[in-house]
Amino acid sequence: MRSTLLELNGKSFEAVVIGGGINGAASANRLAGAGYEVLLIDAGDFGSGSSSRSSRIMHCGLNYLAAAADATTIRSKISNVALAGQMMRERRRLRSVMGRRISPHTFYIPLRAGDPVASWKYDLAFAVLNALSGWDSTLDYRRYRQNELGHIGITRYLGGGLTGLAAFTEYVFDWPERICVDHALDAAAYGATIRNYTELVAAHSGDGRWRVTLADRQGETGTAEIDAKLLLNLAGPGSDLVNAACGLSDSRTVTPNKGCHIAVRLPEEFRGAGVISRNELGHLFLCVPWKNFHILGPTETPLKGFVRDPVAGEEDVASILDQANATLPRLGLTKSDVMFAWAGLRPATYDPGNPRGSWRRTIHEHLTRDNAPMVSVSWGRLADHSFTASDMLARARKYLGQRQRPARRSAQSGQDMPGSIEDILFRRTGAGWSADLGLSEAARAAAQLQAGRTSAEKLVTGYIKMLAERFGYED
């Protein structure tokens with residue numbers, strides 16, 4: 001069981017990590033492992049926000065090379081090439097340490113006469129990526145010419161005008177939510193206190209420290225007052241709400257973008273195969289093989305503020321279907337092919353000149369008048385969470401000093417506390433990501449949660465309602 005608010009009240013921590021998504025959980029794990037006294041909190045369950053709503057694709061650094069080509073300064077070109085190399089090396093590292101959580105798939109890029117990117121540029125780009133990785137890559141890049149397309153099954157769905165296909169191997173995260181939960185539990189095993197469904201209500205600085213007020217979001221009454229030296233704001237699209245609660249209301253860092261996806265079943269030729277194209281903005285549109293279906297998306301809709309549980313509406317689904325049929329015109333996908341849909345928020349970095357914000361991971365260091373430090377992060381992908389964790393450890397060393405000894409890891413943390421059927425099925429067992437969104441396992445999950453509070457039948461009814469509202473699921 002997690003600590004109660006009463007047990008938490010009056011305690012002191014060196015660092016409080018706000019947000020238990022991939023960045024927050026990984027950072028808490030890194031800090032706790034280095035020997036810092038850490039509290040990790042999330043207003044929902046660990047891994048229940050943006051980390052669970054993405055396209056799941058790793059991204060090999062190709063976009064950074066494109067940004068380097070478009071950059072107008074030498075410094076920006078060098079910076080983007082360096083980022084591409086960093087992503088390739090991280091791709092190799094994740095492949096070795098996270099083999100159970102990622103899987104390789106072949107992705108195809110349709111090539112047509114008149115495309116803004118000439119075919120030979122893909123040859124050059126992937127050669128550069130291979131070199132940046134140290135020539136130890138499994139990109140498996142190949143460009144198929146028009147006379148070689150006959151044996152590639154998906155070609156028949158791509159429509160006319162094809163001059164070839166660029167193909168490469170990319171990795172897909174099988175279960176990003178569980179990675180978040182595992183990082184949180186590993187942090188607890190190193191001695192961190194972790195608490196889901198816990199909201200930072202307010203924080204006030206004094207004498208270079210923070211006094212933080214916490215509240216429970218599952219019915220526990222009262223609040224807890226804790227003391228901290230450093231706040232790490234890793235709340236993703238909700239980061240500016242945390243900033244405001246800490247008295248930094250004039251510090252805008254994030255532009256939330258609503259991104260929607262749909263799940264569909266595609267013909268047998270698409271088994272293990274994905275497609276990458278560009279939308280009208282020139283950004284990636286993805287057809288990602290995942291489990292036994294495909295994820296299509298995302299949309300990109302800039303929002304004026306934070307929405308805790310965004311929903312994919314009919315217009316969002318129609319937009320994805322239009323783009324899918326432009327990319328794969330001979331599939332003829334319709335609304336009836338959509339198994340379910342979902343929406344998430346992408347925490348783009350605030351840019352006053354761009355309504356969608358900037359897709360560049362940015363670290364913001366805030367100091368109050370009495371030098372109480374807080375660090376926040378905007379943007380970031382699943383694949384680069386290790387970079388964020390390393391950066392947060394560097395900030396901890398900057399503001400808290402170096403620790404002489406790493407923490408010892410205990411066998412069990414004993415602090416994991418799912419609070420709903422959704423927590424169990426999506427983030428503890430993975431059964432939620434199935435054709436029926438875990439409905440067949442809902443009764444079993446409800447039996448684990450019942451504990452005399454709410455009947456299992458009511459819990460299942462609530463779960464079905466959530467599936468209808470958030471995923472548009474119809475039994």
Side-chain angles (χ1 to χ4, degrees), residues 54-63 87-88 91 94-95 98-112 115 117 119 122-123 125-126 129-130 137-176 261-279 283-298 320-334 337-341 381-383 433-435:
S54 75
S55 301
R56 271 73 171 168
I57 194 170
M58 185 175 288
H59 294 288
C60 62
L62 191 60
N63 267 0
M87 287 305 301
M88 285 300 297
R91 182 180 187 268
L94 288 177
R95 197 173 68 240
M98 206 174 281
R100 296 184 304 116
R101 299 292 186 218
I102 60 175
S103 56
H105 297 284
T106 300
F107 281 80
Y108 296 95
I109 303 173
L111 306 176
R112 291 182 170 88
D115 282 347
V117 179
S119 300
Y122 287 107
D123 300 346
F126 279 97
L129 288 175
N130 248 329
S137 168
T138 55
L139 280 169
D140 300 324
Y141 172 73
R142 180 175 177 183
R143 180 157 62 91
Y144 295 93
R145 289 168 172 77
Q146 193 172 39
N147 61 354
E148 299 177 296
L149 299 180
H151 70 284
I152 300 176
I154 70 165
T155 303
R156 59 185 289 222
Y157 299 99
L158 290 170
L162 278 182
T163 59
L165 289 173
F168 69 102
T169 297
E170 185 56 285
Y171 287 84
V172 176
F173 288 89
D174 291 335
W175 193 9
H261 296 83
I262 62 174
V264 297
R265 290 195 192 281
L266 296 183
E268 181 64 25
E269 292 95 327
F270 286 86
R271 181 182 293 274
V275 178
I276 295 177
S277 66
R278 299 277 173 178
N279 61 23
H283 297 165
L284 292 184
F285 180 80
L286 302 167
C287 171
V288 180
W290 195 61
K291 309 257 181 214
N292 58 350
F293 45 87
H294 279 70
I295 297 170
L296 304 182
I320 295 173
L321 288 172
D322 286 346
Q323 185 64 49
N325 286 322
T327 302
L328 300 160
R330 292 179 181 165
L331 269 180
L333 293 174
T334 68
D337 295 305
V338 179
M339 299 164 59
F340 49 86
R381 295 185 172 102
L382 289 171
W433 290 115
S434 57

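Residue numbers run from 1 in the order of the sequence given.
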Under the 3.5 angstrom rule, does the side chain of Arg112 hit a backbone N or O of Gly160 as a donor-acceptor pair?
yes
Do the ring planes of Phe270 and His294 sit parallel (below 30°), tilted (30 to 60°) or perpendicular (above 60°)?
perpendicular
Which word best sums up how the rings of His151 and Tyr144 line up, parallel for under 30°, tilted for 30 to 60°, or perpendicular for over 60°?
perpendicular
Ile276/Leu286 under side-chain contact (heavy atoms from CB on, under 4.5 Å): CA gap, chis, key distance, verdict
CA-CA 5 Å; Ile276 295 177; Leu286 302 167; 3.8 Å; yes
For Leu162, is there any backbone N or O sitting under 3.5 Å from a side-chain donor or acceptor partner on Gln146?
yes
Rounding to 0.5 Å, atoms OG1 (Thr106) and CD1 (Ile154) come to a distance of 9.5 Å
Sequence neighbours excluded, which residues qualify as salt bridge (charged side-chain N to carboxylate O under 4.0 Å, His left out) partners of Arg330?
none
Using a 6.0 Å cut-off, check whether atom CZ of Arg265 has over 12 heavy atoms from anything other than its own residue.
yes
Roughly how far apart are Arg91 CZ and Thr138 OG1, rounded to 0.5 Å?
4.5 Å
Tell me if a side-chain donor or acceptor on Glu170 pairs with a main-chain N or O of Cys60 at a distance below 3.5 Å.
yes
Partners meeting salt bridge (charged side-chain N to carboxylate O under 4.0 Å, His left out) with Arg381 (sequence neighbours left out):
none
Please check if the side chain of His105 supplies one atom and the backbone of Trp290 the other of a donor-acceptor pair under 3.5 Å.
no
Just how far is it from atom CD of Gln323 to atom CG of Asn279, taken to the nearest 0.5 Å?
5.5 Å
